[in-house]
Amino acid sequence: MTVSGAYEYDVVVVGAGHAGTEAALAAARMGAKTALLTMNCDTVGQMSCNPAIGGVAKGQIVREIDALGGEMGRVIDATGIHFRMLNSGKGAAMHSPRAQADKKAYQFEMKHRVELQPNLTLRQETVDSIVTEDGQVTGLKVAGDILYRTRALILTTGTFLKAIMHTGEAQSEGGRAGDKAAYGMSASLLDLGIELRRFKTGTPARLNGRTIDFSKCEPQPGDDNPQPFSFLTEKISQPQIHCWLTSTTPEVHDIIRQNLHRAPMYSGQIQSTGPRYCPSIEDKVVRFADKSTHQIFLEPEGRNTQEIYCNGISTSLPRDVQDAIIRLIPGCENAQIMRYGYAVEYDFAPPTQLKPSLETKRVQGLYFAGQINGTTGYEEAAGQGLLAGINAALSVQKRSPFVLDRSQAYLGVLIDDLVTKGVDEPYRMFTSRAEYRLLLRQDNADRRLTPLGIQIGSVDSERAAKFAEYEQEIERGFIAAKKLRYQGQSLEELLRRQETTWDEIFRMIPAAGELGLSHRALEQLRIEAHYAGYIRRQESEIARLQKVETVRIPDAFDYLAVPQLRHEAREKLTKIRPTTVGQASRVSGITPADIAILMFYLT
């Protein structure tokens, strides 16, 4: 503490959820003196909703976070209780890892890693306001009129800004059951000219597993050979726990329809927009009226608790209606509700107010990450946090921002979608959002991104050394694949056959088995060989589009001075202020003709 009574840090992060922990760890890892401030040190890394990491496209994001030096993958590997590779029966581009977490173990493990990180101070504080000077962040005030001086501030406020919880007609202040809302920050952001809107999310009831009849449910075992998320994890060795599948019934749907007038989303009590791809059970019953049942996954919240998360029936219906619904679900006729479901309304800042670095356009040194940007999901939040932390550290070090292209990573797609297109509902990542998903597979995330992480300094020496060894192994395999032959065909050509296995290869070409390659390296060779033609086509398309994608637009370019541009195009481009022609082409409502005119003026 300085004589003036202020703390001084290079980077300050507000909020210690999935975005905040990754942001703080990344900034500290890159050499920035960092403070991580949270309203409650006991909730660092807490899973507010489902006790799981990964899923379709989300699993790819976790692998990318790990490849760039983040922690989420390593923590779930250490604390997971149920691992599955989704879409394993489809092509490699669709494979997505997912794992159930021991909820408390995950939280404590993440907190422990934060506590151990050099250059990082974790502190319990209530934040009041942002301090700026001439459009630049200079600090942050917390309760007690204490000042944290900083040149880079990252807000990862989750669902806590002016948050209100709803269970039927009952309302209470708070961004999560048991935690209070944050009010001062919304007012401070509005004072700085940041636009705020409202979104809604929700969570289901939790049940006492002792009171569930699992014999009426379908068991959902984990994979026999669980695959780790982190490229540093050799093997998942801990025993796995079953999840269970049950479903709603027509009688459940009847009760919901009879009580829609008491549901906050339908009574008018909630006006804000909720996540389309993770709807409440009342939304499902209304929107999919032809369906008589909906799946419910009963997911254990940990090894040392009987609490069961009911994935699929998020709701804000009143408690008595939730009681009636649960009693009609097969296996749950006598189940005890431990926590009732509820909805949360909260402030977010439309992300078109951000640069691709996640720095706000209006205030220099102010970064947003996570649900404040209108996203939903732990993985999307953690990815944004990682990139915001990296860019905050780079800015303090007076280095260029780190921005991923859409062809490089799902994280690149995520950020570009947010800052270019904005959101009109909570954003969730899907594989369909990525144009080049054959290249952006979960198995090659380190080969795509770890060299970049080494270059900017977000990857430590242990990961860099292990990656170098793996790349040497892969290179040895590629050379052998071109040289080794069987009946006139190269090993590479044999691997292109979908049905060919490595056991068959070893019988046909014994020398292949003498290469000493790891299972992961062998699998990478098989995938690369099988998709070689498709990959070459996508790489060729990327190279062609890069000629337009990388054309820079000057920061001060005056779109209003281009008379040939349509009025709508001038307005939208002036608001978004894209940094490249490629980004401009993805702004909603911009036509190829607009881009042709823009290119003419730029060149």
Side-chain angles (χ1 to χ4, degrees), residues 48-50 158-183 186 196-207 247-296 309-329 332 335 337-348 350 371-372 374-377 423-428:
S48 300
C49 196
N50 63 311
T159 60
F160 286 84
L161 292 184
K162 291 178 63 178
I164 299 175
M165 296 183 292
H166 303 260
T167 301
E169 300 87 349
Q171 299 180 45
S172 59
E173 296 178 358
R176 177 173 56 210
D179 291 310
K180 60 185 179 182
Y183 284 92
S186 286
L196 298 178
R197 298 181 192 166
R198 300 283 279 177
F199 267 167
K200 166 259 179 189
T201 189
T203 193
R206 276 72 157 179
L207 308 180
S247 64
T248 60
T249 64
E251 292 77 17
V252 168
H253 295 193
D254 286 343
I255 288 179
I256 291 171
R257 279 189 285 264
Q258 291 164 14
N259 286 276
L260 280 176
H261 64 286
R262 301 179 65 197
M265 285 290 290
Y266 290 89
S267 67
Q269 185 172 308
I270 292 178
Q271 299 289 332
S272 50
T273 305
R276 183 196 311 181
Y277 301 107
C278 188
S280 65
I281 186 59
E282 48 266 41
D283 272 350
K284 290 181 184 178
V285 168
V286 172
R287 287 166 49 189
F288 309 106
D290 57 319
K291 296 196 68 172
S292 59
T293 64
H294 291 285
Q295 289 185 329
I296 303 171
Y309 179 88
C310 300
N311 192 340
I313 53 170
S314 172
T315 186
S316 59
L317 285 162
R319 291 166 62 116
D320 60 304
V321 180
Q322 293 187 44
D323 286 330
I325 289 171
I326 292 298
R327 285 195 291 269
L328 291 171
I329 293 171
C332 300
I337 294 179
M338 296 178 68
R339 306 177 203 243
Y340 287 88
Y342 58 91
V344 183
E345 279 189 293
Y346 57 95
D347 283 352
F348 80 97
Q371 284 177 285
I372 191 173
T375 61
T376 180
V423 293
D424 53 16
E425 61 188 31
Y427 180 101
R428 176 181 176 177

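Quick note: numbers below take in every heavy atom, side chains included, and nothing from hydrogens, waters or symmetry partners. By convention here, the first residue in the shown sequence is residue 1.
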Show your working on side chain to side chain contact (heavy atoms under 4.5 Å, CB included) between H166 and I164 and close with a plain yes or no.
CA-CA 7 Å; H166 303 260; I164 299 175; 3.7 Å; yes
Please tabulate, one pair per line, all N/O donor-acceptor pairs under 3.5 Å involving side-chain atoms of residues 284-295, not counting sequence neighbours.
| unit_1 | atom_1 | unit_2 | atom_2 | d |
| --- | --- | --- | --- | --- |
| K284 | NZ | G312 | O | 2.9 |

Got a second to check how far [X]'s [atom1] is from [Y]'s [atom2], nearest 0.5 Å?
X	Y	atom1	atom2	value
H253	E282	NE2	CD	11.5 Å
E251	I325	CD	CD1	12.5 Å
C49	N311	SG	CG	8.0 Å
F160	R176	CZ	CZ	4.0 Å
K200	S280	NZ	OG	4.5 Å
T203	Y309	OG1	OH	4.5 Å

Residue pair [X] / [Y]: nearest heavy atoms and the distance that separates them:
X	Y	value
S316	A343	CB-CB, 3.6 Å
Y346	T375	OH-O, 4.4 Å
A163	V344	CB-CG1, 4.1 Å
D323	Y340	OD1-OH, 2.9 Å
P264	G168	CG-O, 3.2 Å

Less than 4.5 Å apart, any side-chain heavy atom of D283 and any of Y266?
yes
Hey, does I326 have a side-chain heavy atom less than 4.5 Å from the side chain of I313?
yes
Salt bridge (charged side-chain N to carboxylate O under 4.0 Å, His left out): pairs with one or both residues in residues 255-264, sequence neighbours excluded:
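Listed by first then second residue: E169-R262, D254-R257, R262-D320.
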How are the rings of F348 and F199 set relative to one another: parallel (under 30°), tilted (30 to 60°) or perpendicular (over 60°)?
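Parallel: the ring planes of F348 and F199 meet at under 30°.
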For [Y], is there any backbone N or O sitting under 3.5 Å from a side-chain donor or acceptor partner on [X]?
X	Y	result
D179	G175	no
R206	P204	yes
E345	R198	no
Q322	L317	yes

Test side chain to side chain contact (heavy atoms under 4.5 Å, CB included) on L196 and S186; report intermediate values, then the result.
CA-CA 8 Å; L196 298 178; S186 286; 3.9 Å; yes
Against C332, only a single residue in L207, I296, I337 fulfils side-chain contact (heavy atoms from CB on, under 4.5 Å); can you say which?
L207
